[in-house]
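Note that the structure is a prediction, hence the values are computed from the model and not measured. Letters A, B, ... mirror the listed sequences (proteins, then strands); counts begin at 1.
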Protein chains: 2
Amino acid sequence: MDRSLDSIDWHILAELQRDGRLSYNRLARRVNLSAPAVAERVRRLEESGVITGYGARVDATKAGLPLTAFVQLRCALGSCLLKNTTAEEFPEVTEVHKLSGDSCSMLRVRVASMPHLEGLLERLGRHGEMNSHIVLSTQYEGRAVERPADETRPVTGSSGWSR
Amino acid sequence: MDRSLDSIDWHILAELQRDGRLSYNRLARRVNLSAPAVAERVRRLEESGVITGYGARVDATKAGLPLTAFVQLRCALGSCLLKNTTAEEFPEVTEVHKLSGDSCSMLRVRVASMPHLEGLLERLGRHGEMNSHIVLSTQYEGRAVERPADETRPVTGSSGWSR
DNA sequence: GTTGAAACACTGTTCGT
DNA sequence: ACGAACAGTGTTTCAAC
């Protein structure tokens with residue numbers, strides 16, 4: 001059941017990520033399969049959890065939330081954000097990642113205005129040392145999950161440390 | 001045409017972000033409107049660019065790309081990543097943001113394995129000073145674009161600096 | 001995995017309020 | 001301008017090969 005994806009699966013994933021409303025008919029034509037066959041593959045991708053759902057893509061800026069920032073948080077002892085708050089308290093926080101390295105987490109936030117960001121950072125700052133980075137512009141985003149190139153990419157060896 | 005979104009629009013956006021395959025019939029029922037009325041609103045949201053499309057959500061880990069990292073890049077003069085490379089050369093890079101502050105850009109990357117990441121960072125490192133943060137786990141992600149709370153959030157004043 | 005058929009559901013339009 | 005019904009079309013899903 002955890003068998004890897006073949007190239008037709010990747011083709012299906014690419015098409016569905018580009019247009020999640022494709023019918024099995026059209027999708028089947030694009031991947032050169034019949035509708036029932038493609039329906040069965042999609043069903044398997046959904047049940048195995050590779051496809052988690054379908055959603056509309058919304059332009060946050062056009063919707064009135066033009067500001068994005070990344071916030072690195074180094075949690076203070078006993079006031080870790082993850083253990084002391086909920087997602088509902090911080091609707092501006094769109095992502096929370098635990099990190100290796102000197103900050104324990106990386107937050108992504110989205111706000112309507114600079115005062116809004118200022119207030120948010122003040123509320124976040126109570127939970128530890130903060131390092132915020134305002135996004136001036138987003139050059140590239142929303143790339144589809146693609147099949148990784150299976151070519152082995154050799155890393156330059158450090159001759160002085162190899163034996 | 002750039003008129004702001006009312007609460008029904010936000011309700012529609014919430015439903016469509018949760019399930020992009022909702023028919024106008026079901027959607028209309030959920031927002032207490034008729035199908036033609038809701039179809040017209042969705043059409044406007046699409047044409048005004050608030051809704052940019054519909055797509056399948058794919059679990060990158062389940063698809064064989066379990067590693068994510070953030071990379072802050074401080075471009076070296078004359079070898080800025082954005083001006084000297086293309087998206088095709090770096091399929092692992094899923095986002096590129098220009099930043100304020102000491103690093104000129106924040107990259108988000110997604111790879112299949114640690115050697116894969118190592119090779120990628122070596123290739124990226126040629127374009128400037130790098131600061132990478134490996135994501136250990138993602139606690140929260142994919143939050144829908146929501147209506148911002150319009151309550152003004154007053155920021156604590158700094159009494160010593162106000163007049 | 002493919003083809004064909006039948007039932008179903010959806011969309012877009014038209015009309016009435 | 002909104003809501004309701006109708007007709008046409010496209011889709012899904014089953015069967016058999």
Side-chain angles (χ1 to χ4, degrees), chain A residues 1-59 62-64 142 144-150, chain B residues 1-60 62-65 142 144-147 150:
Chain A
M1 179 160 185
D2 240 345
R3 191 175 71 272
S4 191
L5 280 47
D6 66 13
S7 69
I8 297 178
D9 287 324
W10 279 109
H11 195 172
I12 290 174
L13 287 179
E15 294 293 342
L16 282 181
Q17 283 178 98
R18 225 170 48 104
D19 183 359
R21 286 190 153 180
L22 273 177
S23 69
Y24 292 138
N25 268 335
R26 285 192 221 288
L27 180 56
R29 238 171 286 146
R30 297 209 186 172
V31 302
N32 298 317
L33 241 63
S34 67
V38 90
E40 175 65 12
R41 275 173 183 268
V42 171
R43 196 192 59 78
R44 278 185 187 159
L45 288 169
E46 286 169 352
E47 291 206 345
S48 66
V50 176
I51 294 177
T52 59
Y54 303 84
R57 282 187 288 267
V58 172
D59 183 328
K62 289 250 173 70
V145 178
E146 309 168 25
R147 168 177 230 172
D150 46 16
Chain B
M1 179 159 188
D2 239 345
R3 190 176 73 271
S4 192
L5 280 48
D6 66 14
S7 69
I8 297 179
D9 288 325
W10 279 108
H11 195 172
I12 290 173
L13 287 179
E15 295 293 341
L16 283 182
Q17 283 177 98
R18 227 169 46 104
D19 183 359
R21 288 190 152 181
L22 274 176
S23 69
Y24 293 138
N25 269 332
R26 286 192 221 289
L27 181 57
R29 241 171 283 146
R30 298 209 186 173
V31 301
N32 299 317
L33 240 64
S34 69
V38 89
E40 176 64 13
R41 276 174 183 266
V42 171
R43 196 192 58 77
R44 278 187 188 158
L45 288 169
E46 287 169 352
E47 291 207 344
S48 65
V50 176
I51 294 177
T52 58
Y54 302 85
R57 282 186 290 267
V58 172
D59 183 330
K62 291 249 172 72
L65 292 160
V145 178
E146 310 168 23
R147 169 176 230 173
D150 46 15

Sugar-phosphate, base or nothing in reach of B:Arg26, heavy atoms under 4.0 Å: sugar-phosphate
Distance, rounded to the nearest Å, where B:Leu27 contributes CG and C:dG12 contributes C1': 16 Å
Minimum side-chain heavy-atom gap B:Leu33-B:Arg41 below 4.5 Å: yes
Sugar-phosphate only, base, or nothing, as touched by A:Arg41 at under 4.0 Å among non-hydrogen atoms: sugar-phosphate
Whole angstrom value for the distance that separates C1' of C:dT11 from CG of B:Leu22: 15 Å
Among D:dT11, C:dT2, C:dT13, the nucleotide that comes nearest once only the side chain of A:Ser23 is considered: D:dT11
Consecutive-pair stems (at least three Watson-Crick or G-U pairs, under 3.5 Å) that include DNA chain D: C:2-17 with D:1-16
Interatomic distance where CG belongs to A:Asn32 and P belongs to C:dT3 [whole Å]: 12 Å
Over all atoms of both residues, closest heavy-atom pair of A:Gly49 and B:Asp59: O-CB, 3.4 Å
Short side-chain N/O contact to D:dG10 OP1/OP2 from A:Asn25, under 4.0 Å: no
4.5 Å side-chain heavy-atom contact, A:Glu15 and A:Arg18: yes
Within-4.5 Å side-chain heavy-atom neighbours: B:Ile12 and B:Val38: yes
Shortest non-hydrogen contact from B:Val50 toward A:Ala63: CG1-CB, 4.3 Å
d(CZ, A:Arg29; C1', C:dG1) in whole Å: 18 Å
Atom-pair distance (OH on B:Tyr24; C1' on D:dA5), nearest Å: 20 Å
Protein-nucleotide distance (A:Glu40, atom CD; C:dT3, atom P), rounded to Å: 17 Å
Backbone N/O of B:Pro36 and side chain of B:Glu40: donor-acceptor pair under 3.5 Å: no
Nucleotide of D:dT12, C:dG4, D:dG3 approaching A:Pro36 most closely (side-chain heavy atoms): C:dG4
A:Arg21 CZ to C:dC10 P, straight-line distance once rounded to whole Å: 12 Å
Side-chain touch B:Arg147/B:Ser7, heavy atoms, less than 4.5 angstrom: yes
Shortest side-chain distance from B:Ser34, nucleotide among C:dT11, D:dG3, D:dC14: D:dG3
Proximal nucleotide (of D:dG3, C:dT11, C:dT2) relative to the B:Ala37 side chain: D:dG3
Whole-Å distance separating the CG atom of B:Leu33 from the P atom of D:dC2: 8 Å
